[in-house]
Amino acid sequence: MERRTIGAAALAVGAVGLGCMPMSWAYSGSRQRGDESVRAVHRALDLGSTLLDTADMYGPFTNELLLGRVLKERRADAFVSTKVGLLVGEQHIVANGRPGYVRRACDASLRRLQTDVIDLYQLHREDPEVPVEETWGAMAELVQAGKVRSLGLCAMGARGGRRSGTRLHDATVRQLRRVQQVFPVSAVEAELSVWSREALETLLPWCAARGIGFLAAMPLGNGYLTGTLTPGEGFEPDDVRARHPRFTAEMMAANQPIVSGLRRVAARHGESVTPAQVALAWVLAQAPHVVPIPGAKRERWVTENAAATDLRLTAQDLTELAELPAALGSWD
């Protein structure tokens, strides 16, 4: 698989990573199978999808434990990215950026992952009660202690609550400027896909100008861009899409032209090419420092996603995809 670099330290990873969250968090619980997910991680590593993206809150904790089963055998084959900063309660999630907590959380993640170093340690969310410089400083100390190789920031900006005239990631860029004064940012993780392009406005160019890697979260639109979801089919109550404004039956039906466009482009490249591969190829085409991290929990989807690195979109393809209608949802 093609290799891409993250950050000024030129950390090399496979061009398509693996988002591990669906294996144990946020998606249909009845379809989560630990052994099946372990096989999927092994398959990803076999194919060169070396970046494994997880977080201590996924489960919570069980996602890191699952990855630890693989890393115990294949640590040298993997680039491990995990996150800190969010605590999960029964009905709520709260931020915790206190330095003492960050240090304890890192040690706990290392134990669960069965490794002595984390390749990329990301701040999941800023704690509004702790200056982000203090949190980032504690994370930088972990690099100096040899427990972490590089630092990253998640920028999953909320769409609601923005001031009129501001772009989605303006606040994230201001936050990045602050933490860069403390310790270099190697990567930023944010949503980027054919139907969520906001990162192209400010965030992606900002990262490119500074040699910062960009991890494209949700590059398949939470599964919608694969073309495998049926409008009106519904989701299990524990599935985040059951409450997502783009996944009502009405909005899923209204956004079908986006999937149809992906299908048209896929058809030009052969019968075996899928809409998901076109969606991932589009993300890869945005910049050489972009690494999509599609979520998957089965070997079949891992294999399909990895093959997207072999798909080269033409100028006609990119123009057609750029002209697809904007996604509809209650955010809009």
Side-chain angles (χ1 to χ4, degrees), residues 1-17 19 50-51 53 79 81 83 85 118-126 131-137 139-140 143 148-159 162-163 165-219 279-294 308-309 312-313 315 317-319 321-322 326:
M1 180 182 291
E2 172 196 348
R3 304 277 281 179
R4 294 196 168 190
T5 57
I6 293 177
L11 304 165
V13 299
V16 171
T50 55
L51 194 157
D53 186 74
F79 182 97
S81 169
K83 308 177 187 73
I118 294 165
D119 295 304
L120 178 66
Y121 203 37
Q122 298 197 74
L123 179 58
H124 217 155
R125 293 292 185 277
E126 178 183 3
V132 70
E133 291 85 353
E134 291 185 18
T135 304
W136 200 256
M139 295 171 68
V143 178
V148 170
R149 289 198 172 103
S150 60
L151 301 184
L153 184 75
C154 287
M156 308 290 197
R159 295 170 183 270
R162 277 187 282 162
R163 296 191 304 272
T166 64
R167 290 169 294 191
L168 178 62
H169 293 299
D170 285 354
T172 297
V173 170
R174 291 194 295 270
Q175 186 183 61
L176 284 164
R177 291 192 180 110
R178 291 171 62 186
V179 299
Q180 278 280 70
Q181 302 302 312
V182 178
F183 192 87
V185 178
S186 289
V188 172
E189 182 173 328
E191 183 176 4
L192 177 62
S193 70
V194 167
W195 79 344
S196 293
R197 306 179 185 223
E198 294 89 349
L200 300 179
E201 297 175 350
T202 304
L203 189 57
L204 189 60
W206 194 92
C207 291
R210 292 158 180 80
I212 296 172
F214 189 95
L215 308 187
M218 294 174 275
L280 291 173
W282 178 88
V283 173
L284 288 165
Q286 299 312 303
H289 65 294
V290 174
V291 177
I293 45 173
T309 59
R312 296 293 181 267
L313 299 178
D317 296 334
L318 293 171
T319 297
L321 293 172

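Throughout, numbering of the chain's residues begins at 1 and tracks the sequence.
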- State, with a plain yes or no, whether a side-chain heavy atom of H169 is found less than 4.5 Å away from one of E201. no
- To the nearest 0.5 Å, what is the distance between CE (M218) and CD1 (I293)? 9.0 Å
- Item | Contact summary for A281 and A308, nearest pair of heavy atoms | CB-O, 4.3 Å
- Query: Got M139 and V182 here, is their nearest side-chain heavy-atom distance under 4.5 Å?
  - Reply: no
- Measure the shortest side-chain to side-chain distance between L215 and V188 over non-hydrogen atoms and say whether it is less than 4.5 angstrom. no
- Task: Taking all non-hydrogen atoms of both residues into account, name the closest pair between A279 and P219 and its distance.
- Result: CB-O, 4.2 Å
- Message: As an exercise, state the distance from OH of Y121 to OG of S81, rounded to the nearest 0.5 Å.
- Response: 10.5 Å
- Query: How would you list, by chain and number, every residue that makes a salt bridge (Lys or Arg N to Asp or Glu O under 4.0 Å) with D317, sequence neighbours excluded?
  - Reply: R268
- Think R210 forms a cation-pi with W206, using NZ or CZ under 6.0 Å from the six-ring centre and within 45 degrees of its axis? yes
- Task: May I have the step-by-step check of side-chain contact (heavy atoms from CB on, under 4.5 Å) for L51 and I6, ending in yes or no?
- Result: CA-CA 11 Å; L51 194 157; I6 293 177; 3.7 Å; yes
- Message: Using the rule given for side-chain contact (heavy atoms from CB on, under 4.5 Å), can you reason through V185 versus L151, listing the C-alpha separation, both sets of side-chain angles and the distance that settles it, and then say yes or no?
- Response: CA-CA 6 Å; V185 178; L151 301 184; over 6 Å; no
- Hey, could you give me the CD/CZ distance between Q175 and R178, rounded to the nearest 0.5 Å? 7.0 Å
- Message: What's the separation between atom NE2 in H289 and atom CG in L204, rounded to the nearest 0.5 Å?
- Response: 4.5 Å
- Quick one: does L176's side chain get under 4.5 Å of L153's, heavy atoms only? yes
- Message: Using the rule given for side-chain contact (heavy atoms from CB on, under 4.5 Å), can you reason through L192 versus W282, listing the C-alpha separation, both sets of side-chain angles and the distance that settles it, and then say yes or no?
- Response: CA-CA 10 Å; L192 177 62; W282 178 88; 4.1 Å; yes
- Item | Where M1 and V16 come nearest, the two heavy atoms and their spacing | SD-N, 3.6 Å
- CG (D119) and OG1 (T50) are apart, to the nearest 0.5 Å, by 9.0 Å
- Heavy atoms only: give me the nearest A287-R4 pair and the separation to one decimal. O-NH1, 2.9 Å
- Item | Side chains of V290 and V283 in contact at under 4.5 Å (non-hydrogen atoms) | yes
- Message: When you compare the side chain of S150 with that of L11, does any pair of heavy atoms fall below 4.5 Å?
- Response: yes
- Between H124 and C154, which heavy-atom pair has the shortest distance, and what is it? O-CB, 3.5 Å
- Item | L313 side, atom CG; T319 side, atom OG1 - distance, nearest 0.5 Å | 11.0 Å
- Should F214 and V291 be marked as a side-chain contact (heavy atoms from CB on, under 4.5 Å) after you check the CA-CA gap, both sets of side-chain angles, and the distance that decides it? CA-CA 6 Å; F214 189 95; V291 177; over 6 Å; no
- Item | Considering all heavy atoms, the nearest A187-L120 contact | CB-CD2, 3.9 Å
- Residue list, salt bridge (Lys or Arg N to Asp or Glu O under 4.0 Å) with E134, at least two apart or on another chain: none
- Item | Under 3.5 Å side-chain donor-acceptor pair for E191 and S196 | yes
- If we only count heavy atoms from C-beta on, is the W136 to Q180 side-chain gap below 4.5 Å? no
- Message: If you define the side chain from C-beta out and look only at heavy atoms, does anything of D53 sit under 4.5 Å from Q122?
- Response: yes
- Verify the distance criterion only: is there a donor paired with an acceptor across the side chains of E133 and Q181 at less than 3.5 Å? no
